[in-house]
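Quick note: numbers below take in every heavy atom, side chains included, and nothing from hydrogens, waters or symmetry partners.
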Amino acid sequence: MQKAIRKLSVLFLLSVFVISGAFAGGNTDKEVSADEPIELVYWSHYGQSPAFVEAFADSVELAAKNLGYDNVTCRAEIVEMSGYETKYITAFTSGTGPDFFVGHPSDWALDGGKNPIAMAFDDKAATAWNESLAPVFIAQGIFNDQRYGFPVAGDNLQLLYINTDAMIEAGLDPETDIPSTMDEFMEVAKALTKRDADGNIIRSGFQPRYLGGGEGVSGKVMAWFHNNGGKVIADDFSTSQGYVNSADSKEAMKWFQTLVQETANLEFGAPETAFQSGQAAIINREAWFADDTIQKAPNINFVCAPFPAGKIDMAPDTGTSNWSNMVNSQTKYPELCQEILAELAKPEYDITLHAPAAYAPACTATLTLDNEYFGKQPYAEAMMAMINKPAGPVYDMIPEWTQIVAMFGDTVSAIIGGADVDTELDALAVRIDNVLNQ
């Protein structure tokens, strides 16, 4: 029944798009006059950084100008993350959606996406991005062997943020005692855990992401899960049985549960707030958090470090949070948008897209310590230590992934709360396979 309902919902969307001439194949550019103002619209849920969202609009305008379209402007709008998918669908089905938007290709791709609306890049734009992106990021934006988007930022790599004052207080050297393996990390996290006279944790050695469930929890924990040998689904996406509940996966999750139980005070809440208030000595987060901490908590001295190696030494989780900039197939200007997409693949736009909010770039030519922008970022050396490692498993190639990642996050929340790992992962394998087999 659920499979039938999903098919009906997709057919409904398709019928709406066909009636309104939404598919890119049936869409032609309105005549682009040099005298007629053209406003393109961009939607993003990256509300934690309005400057970053605005940078996309500014970069589109710059790209258009460099292509000879002086009459093109772009308006950026922030869509709240909570319920964003519903707002997208409502806008797309009514023909009032943006020209560019942030999303997962598996959710929005015309060819096989859960809600088919995003057009594939044409050959010129796809080639430009495939040649420009650093190897570890190339899979982002790909669905059904087509490029539907480019990475919102080179920001899916998980980095360690370590409070250096806490290290010094614990007798550790911030230059020589940075953990490079999981075993070392466990010892450092324990050493940085501070307790009162009654044994209560008053500073977490490590603070996990565990509130809110879903993708936010999953993306942070999968870094530990994968590097310790865990895996969610088979490479061919046929099953989760024997993968998410394999012996390696259970061992990886038990390691993480132990880490949390011995080093974290969950009452401190979100790891970002706990770190910036001094209640947590270590968290893992993407590169954007460095500048965020500098701006919000200038009293917190910290170092960005590469993610530690476990049974596997990989660049953690570039494929599990595949947020991409995509194009609405209903845009009045599909050819113009494709031209702009190809132009944006040039390295100079990797700076204009990310520098206003100090986000990490994503292109090979930019990701070098010699680059004037990237090289001065506090996370630069940590990223350079990871970008040439193999990418983590890429799951966002199936439309079911959004549902599965939410289930994984809910399971992690239960395990962090003390639930039995074996029981939870066995049950998760069954639930995931039910989704895959619908």
Rounded to the nearest 0.5 Å, how far apart are CZ of Arg147 and CD of Gln140? 9.0 Å
Residue list, ring pair (Phe, Tyr, Trp, His ring centres under 6.0 Å) with Phe268, at least two apart or on another chain: none
I would like to know whether Asp292 and Gln48 meet side-chain contact (heavy atoms from CB on, under 4.5 Å); could you show each step before the answer? CA-CA 9 Å; Asp292 189 76; Gln48 75 271 16; 5.9 Å; no
Quick check: closest heavy atoms across Cys363 and Ala345, and the distance to 0.1 Å? SG-O, 4.3 Å
Here the gap from Asp165 atom CG to Leu192 atom CG, rounded to the nearest 0.5 Å, amounts to 11.5 Å
Of all heavy-atom pairs between Pro378 and Ala290, which one has the smallest distance, and what is that distance? CG-CB, 3.7 Å
For Gln241, is there any backbone N or O sitting under 3.5 Å from a side-chain donor or acceptor partner on Thr239? yes
For Gln279 and Ser277, does a side-chain donor sit closer than 3.5 Å to a side-chain acceptor? yes
Sorted by chain and residue number, the ring pair (Phe, Tyr, Trp, His ring centres under 6.0 Å) partners of Phe206 (sequence neighbours excluded) come out as Phe185, Trp224
For Tyr161, ring pair (Phe, Tyr, Trp, His ring centres under 6.0 Å) partners two or more places apart: Phe289, Phe302
Under the side chain to side chain donor-acceptor pair (under 3.5 Å) test, residues paired with Thr263 that sit two or more places apart: none
Between His354 and Tyr379, is the gap from one ring center to the other below 6.0 Å? no
Quick one: closest heavy-atom pair of Asn228 and Ala252, and the distance? CB-CB, 3.6 Å
Are any of the side-chain heavy atoms of Trp108 and Ile89 separated by less than 4.5 Å? yes
Mind listing the closest non-hydrogen atom pair of Lys389 and Phe307 along with its distance? NZ-O, 4.1 Å
Measure the shortest side-chain to side-chain distance between Leu344 and Ser59 over non-hydrogen atoms and say whether it is less than 4.5 angstrom. yes
Flag side-chain contact, heavy atom, 4.5 Å: Leu428 against Val232: no
Within the distance-only criterion (no hydrogens, no angle test), does the side chain of Thr90 pair as donor or acceptor with the backbone N or O of Thr86 below 3.5 angstrom? yes
One pair to check against side-chain contact (heavy atoms from CB on, under 4.5 Å): Val79 and Val102. What are the steps and the verdict? CA-CA 10 Å; Val79 177; Val102 173; over 6 Å; no
Can a side-chain donor-acceptor contact be found between Asn371 and Thr366 if the only test is distance below 3.5 angstrom? no
When rounded to the nearest 0.5 angstrom, what is the spacing between CG in Asn163 and CD in Gln276? 11.5 Å
Are any side-chain N or O atoms of Glu424 and backbone N or O atoms of Val412, one a donor and one an acceptor, separated by less than 3.5 Å? no
I'd like to check Arg431 versus Thr411 (side-chain heavy atoms, cut-off strictly below 4.5 Å). Are they in contact? yes
Show the nearest heavy-atom pair for residues Phe150 and Leu353, with the distance to one decimal. CE1-CD1, 4.1 Å
Measuring centre to centre across the rings, with the benzene-like ring taken for any Trp, is Tyr395 within less than 6.0 Å of Phe408? no
Test item: Thr368 side-chain N/O and Thr364 main-chain N/O as donor-acceptor pair under 3.5 Å: no
When Phe101 is tested against each of Trp43, Tyr148, Phe92 for ring-ring contact (aromatic ring centres under 6.0 Å, His included), which residue passes? Phe92
Looking at CD of Glu272 and CZ of Arg285, how far apart are the two atoms once the value is rounded to the nearest 0.5 Å? 4.5 Å
Ignoring hydrogens and geometry, is there a side-chain-to-backbone donor-acceptor pair from Ser329 to Ile117 under 3.5 Å? yes
For the pair Phe56 and Phe100, name the ring-plane relationship: parallel under 30°, tilted 30 to 60°, perpendicular over 60°. perpendicular
Would you check if Glu286 and Lys220 make a side-chain contact, meaning some heavy-atom pair closer than 4.5 Å? yes
Where the side chain of Asn144 meets the backbone of Gln146, is there a donor-acceptor pair that is under 3.5 Å apart? no
Ignoring hydrogens and geometry, is there a side-chain-to-backbone donor-acceptor pair from Glu187 to Asp183 under 3.5 Å? no
Side-chain donor-acceptor pair under 3.5 Å between Glu348 and Thr352, yes or no? no
Taking salt bridge (charged side-chain N to carboxylate O under 4.0 Å, His left out) as the cut-off, I'd like each qualifying pair that reaches into residues 250-261, sequence neighbours left out, listed once. Lys250-Asp426, Glu251-Lys311, Lys254-Asp422
Is a side-chain donor-acceptor pair under 3.5 Å present for Asn434 with Gln438? no
Would you confirm whether the ring centroid of Tyr46 sits within less than 6.0 angstrom of the ring centroid of Trp288? no
With sequence neighbours left out, write down each residue that passes ring pair (Phe, Tyr, Trp, His ring centres under 6.0 Å) with Tyr243, or none if nothing qualifies. none
Those residues that, when tested against Glu343, pass side-chain contact (heavy atoms from CB on, under 4.5 Å) (two or more places apart): Ala63, Asn66, Leu67, Lys346, Tyr349
Among residues two or more places apart or on two chains, list those pairs meeting salt bridge (charged side-chain N to carboxylate O under 4.0 Å, His left out) that have a residue in residues 191-202. Glu169-Lys194
Please check: side-chain N/O of Arg209 versus main-chain N/O of Asn284, any donor-acceptor pairing under 3.5 Å? no
Answer with yes or no whether the side chains of Tyr42 and Asn325 bring together a donor and an acceptor at under 3.5 Å. yes
If you measure from CG on Asn301 to OG1 on Thr164, what distance do you get to the nearest 0.5 Å? 4.5 Å
Is the backbone of Gly310 close enough, under 3.5 Å, to the side chain of Asn227 for a donor and an acceptor to pair up by distance? no
Please list, chain by chain and in numerical order, all residues satisfying side-chain contact (heavy atoms from CB on, under 4.5 Å) with Ala125, sequence neighbours excluded. Phe121, Asp122, Gln338, Leu341, Ala342
Is there a side-chain contact between Trp323 and Pro105, using heavy atoms and a 4.5 Å cut-off? no
Go through the structure and list residues passing salt bridge (charged side-chain N to carboxylate O under 4.0 Å, His left out) with Glu262, not counting sequence neighbours. Lys190
Scan residues 84-111 for pairs that pass salt bridge (charged side-chain N to carboxylate O under 4.0 Å, His left out), counting only residues two or more places apart or in two chains. Glu85-Lys114, Asp107-Lys114
Salt bridge (charged side-chain N to carboxylate O under 4.0 Å, His left out) partners of residues 233-244, not counting sequence neighbours, each pair once: Lys231-Asp235
Specify the closest pair of heavy atoms between Ala191 and Ala170, including all atoms of both residues, with the distance to one decimal. O-CB, 3.7 Å
Would you say the side chain of Ile233 lies within less than 4.5 Å of the side chain of Val244, judging by non-hydrogen atoms? no
If only atom types and distance count, is the side chain of Gln257 paired as donor or acceptor with the main-chain N or O of Ala419 below 3.5 Å? yes
Please tell me if the side chains of Asp177 and Val188 come closer than 4.5 Å, counting only heavy atoms from C-beta onward. no
What distance separates Ile312 CD1 from Asp248 CG, expressed to the nearest 0.5 Å? 8.0 Å
